[in-house]
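Naming: A, B, ... by sequence-line order, numbering from 1 per chain.
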Amino acid sequence: MRISCRVNGEVREADQVWPGESLLWFLRERLGLPGAKNACEQGECGSCSIYLEGNLVCACLVLAGQAQNRDIVTVEGLAEPGALHPIQAAFLETGAVQCGFCTPGLIVATHDLLRRNPEPSDAQIKEALAGNLCRCTGYAKIIAAVHLAAGRLVSAP
Amino acid sequence: MEFLQPTSWREALEMKTARAEALPIAGGTDVLVDLNFDRHRPEVILDLNRVAELSEWQPANGRLRVGAGVSYSRIITELGQRLPGLAMASRSVGSPQIRNRGTVGGNLGSASPAGDAHPALLAAGASIEVTSLRGSREIPVDEFFLGPKRNALKPDELIAGFWLRPAPGPQQFAKVGTRNAMVIAVCSFGLALDPEQQTVGTGIGSAGPTPLRAGEAERFLAEALGEGDHWRSGQPLPESARERFGELVARAARPIDDVRGTAAYRRRALAVLARRTFAWAWQEYTAQ
């Protein structure tokens, strides 16, 4: 089937999409957007976190067909091309990126947290990022990165 | 594989009648796991996300009617005051990503004994509205689950939503798992107190072939509270009665040994959860 949706502000289309295909596969393999990572394929790890109609979701648990004519934002769409979003910069500066595989999902989940709660506590960060696994276990740095990004976004919106 | 995407409830029902084998999908948090791992390859998928009616809820005749497609996140934010037990259970579902997509209707459709919403629905005495072109019927939730991952739906029926009274008293939910997020329950328990009717509702999760009510435990606790005039006085229930309530809940479970826990552990944990949730609920009741 033919799927058309708006991804990072641009209408994108692909043909011959298999009806059982996940949105994650569609984004990565059909549209060439590898930011959302393919890891567990069962919603456990959060590496494929994206926005669908403004809601944080695991792209591996959405059918491509369910995204027909819907609005999608991936980690690639958070900042202007070539630039870093303040959350991305904070992750780099804090050393919250080790192997980096979980990072795109954590960036999007952090983005979702900070737009709802600009100054979260440690407990609120842990709750909001509970669906994103880092197997390098760099959680302390990740929490530090969220605080750094939050501080910067609050003081310079 | 075929992909059907109705845009109205009527169209969805027509499609389900024409293609009884179609697998309904709402948030996809269960269905996609099976598809991704190639455990199940349905011939037809029926996507219910474009049926706007399913994602609505409204008060009707003293009850609340909640559409099958209302996400856990929305139950927490929009119905947390009126359906506190279900909202607590919803908070324990997966992660923010899962709660944004997953729905109670999907939970009911999957009918897993471990479904997080089920104990809360059982405790609160919910009923499930199912519809086909032949008409609608309401199924009491304790008659809805027939076996592991089997429910009372006929092949042409779809889950339209569920009905619940706004909580007339304290409700609680507790779940045992290896961490606070992203766990399938080892066991879980829902409790609802109804001070108006002076009754007690319970729901046991992940400790039997289906989610279960603990009927004897409900009657025992309601009687114990009534006999001692506790509803009026707010006095605490004797230790022996609280112990007995826990024992009766544990006895109502029909658990097995599996990868998540042993039957013996589940029974023991359920007795603890039952006593604990009652203590929380009673504290809330007497604080009012």
Side-chain angles (χ1 to χ4, degrees), chain A residues 1-3 17-26 36 38-70 105-106 108-113 116-117 120 123-133 139, chain B residues 1-7 19 22-52 55 69-74 76-77 91-103 106 177-184:
Chain A
M1 53 190 201
R2 184 173 182 80
I3 301 292
V17 173
W18 179 56
E21 187 168 314
S22 74
L23 177 58
L24 177 62
W25 182 270
F26 176 79
N38 185 5
C40 76
E41 288 190 286
Q42 51 186 314
E44 291 272 348
C45 75
S47 302
C48 64
S49 298
I50 60 158
Y51 286 115
L52 172 65
E53 296 285 295
N55 292 314
L56 183 72
V57 305
C58 291
C60 75
L61 296 184
V62 178
L63 278 176
Q66 293 182 299
Q68 182 77 265
N69 299 325
R70 299 290 207 222
L106 277 160
V108 181
T110 300
H111 189 272
D112 182 53
L113 166 65
R116 288 179 290 108
N117 181 357
Q124 289 167 331
I125 294 170
K126 287 179 187 173
E127 178 72 28
L129 301 184
N132 293 76
L133 298 182
Y139 292 111
Chain B
M1 193 184 292
E2 261 182 88
F3 184 70
L4 305 178
Q5 199 163 51
T7 53
R19 305 295 300 272
L23 177 70
I25 179 172
T29 54
D30 280 335
V31 172
L32 262 287
V33 177
D34 281 350
L35 283 173
N36 289 344
F37 286 81
D38 214 4
R39 284 181 201 140
H40 180 51
R41 191 163 285 199
E43 280 175 45
V44 188
I45 291 179
L46 180 62
D47 176 26
L48 297 173
N49 273 264
R50 313 274 155 148
V51 180
S55 60
V70 177
S71 68
Y72 292 111
S73 294
R74 287 186 55 211
I76 294 164
T77 55
R91 280 186 206 101
S92 83
V93 172
S95 64
Q97 289 91 329
I98 306 296
R99 293 193 287 274
N100 283 343
R101 289 292 290 173
T103 64
T178 44
R179 57 181 285 232
N180 276 339
M182 292 310 309
V183 289
I184 301 174

Visitor: Chain B heavy atoms under 4.5 Å from A:Glu21: which part of the residue, side chain, backbone, both or neither?
Guide: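 Interface part for A:Glu21: neither.
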
Visitor: Specify which of B:Ile25, B:Asn180, B:Val31 makes the most heavy-atom pairs with chain A at under 4.5 Å.
Guide: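 Heavy-atom pairs under 4.5 Å are most numerous for B:Ile25.
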
Visitor: With a 4.5 angstrom heavy-atom cut-off, could you sort out which part of B:Asp47 is near chain A: side chain, backbone, both or neither?
Guide: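 For B:Asp47, the side chain is the part near chain A, not the backbone.
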
Visitor: Can you check whether A:Cys60 reaches B:Asn36 side chain to side chain, under 4.5 Å on heavy atoms?
Guide: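 Yes. Closest side-chain heavy atoms under 4.5 Å.
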
Visitor: Measure the spacing between CZ of B:Arg50 and CG of A:Asn69 and express it to the nearest 0.5 Å.
Guide: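 The distance works out to 6.5 Å.
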
Visitor: Kindly compute the distance separating CG (B:Leu48) from CD (A:Gln66), expressed to the nearest 0.5 Å.
Guide: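 Separation between the atoms: 9.0 Å.
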
Visitor: What's the separation between atom CG in B:Asn49 and atom CZ in A:Arg70, rounded to the nearest 0.5 Å?
Guide: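 Nearest 0.5 Å value for the CG-CZ distance: 6.5 Å.
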
Visitor: Answer yes or no: is there a donor N or O on one side and an acceptor on the other, between the side chain of B:Arg179 and the main chain of A:Ala130, under 3.5 Å?
Guide: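 Yes: the side chain of B:Arg179 pairs with the backbone of A:Ala130.
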
Visitor: Rounded to the nearest 0.5 Å, how far does CG of A:Asp112 lie from CG of B:Asn100?
Guide: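 Reported value, rounded in 0.5 Å steps: 7.0 Å.
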
Visitor: At a heavy-atom separation under 4.5 Å, does A:Trp18 approach chain B through its side chain, its backbone, both, or neither?
Guide: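 For A:Trp18, the side chain is the part near chain B, not the backbone.
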
Visitor: What part of A:Leu113 lies closer than 4.5 angstrom to a heavy atom of chain B: side chain, backbone, both or neither?
Guide: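 When you check distances to chain B, no heavy atom of A:Leu113 falls under 4.5 Å.
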
Visitor: Can you tell me which of B:Pro96, B:Ser71, B:Ser95 forms the most heavy-atom pairs within a distance under 4.5 Å of chain A?
Guide: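 The candidate making the most pairs under 4.5 Å is B:Pro96.
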
Visitor: Which heavy atom of B:Phe3 sits nearest a heavy atom of A:Pro19, and at what distance?
Guide: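 What the structure gives for the nearest pair is CB-CB, 3.8 Å.
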
Visitor: Tell me whether A:Glu127 is salt-bridged to B:Arg99, with the criterion being a basic N under 4.0 Å from an acidic carboxylate O.
Guide: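 Here A:Glu127 pairs with B:Arg99 in a salt bridge, since their nearest N and O are under 4.0 Å apart.
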
Visitor: Look up atom CG in B:Leu35 and atom OG in A:Ser22, then write down how far apart they are to the nearest 0.5 Å.
Guide: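 Answer rounded to 0.5 Å: 9.5 Å.
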
Visitor: Check each of A:Val108, A:Leu61, A:Asn132 against B:Gln97 using the side-chain contact (heavy atoms from CB on, under 4.5 Å) test, and report the only one that passes.
Guide: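 Exactly one option meets the side-chain contact (heavy atoms from CB on, under 4.5 Å) with B:Gln97, and it is A:Asn132.
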
Visitor: Which atoms of A:Leu129 come close to chain B, meaning under 4.5 Å heavy atom to heavy atom: side chain ones, backbone ones, both, or neither?
Guide: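 For A:Leu129, no heavy atom lies under 4.5 Å from chain B.
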
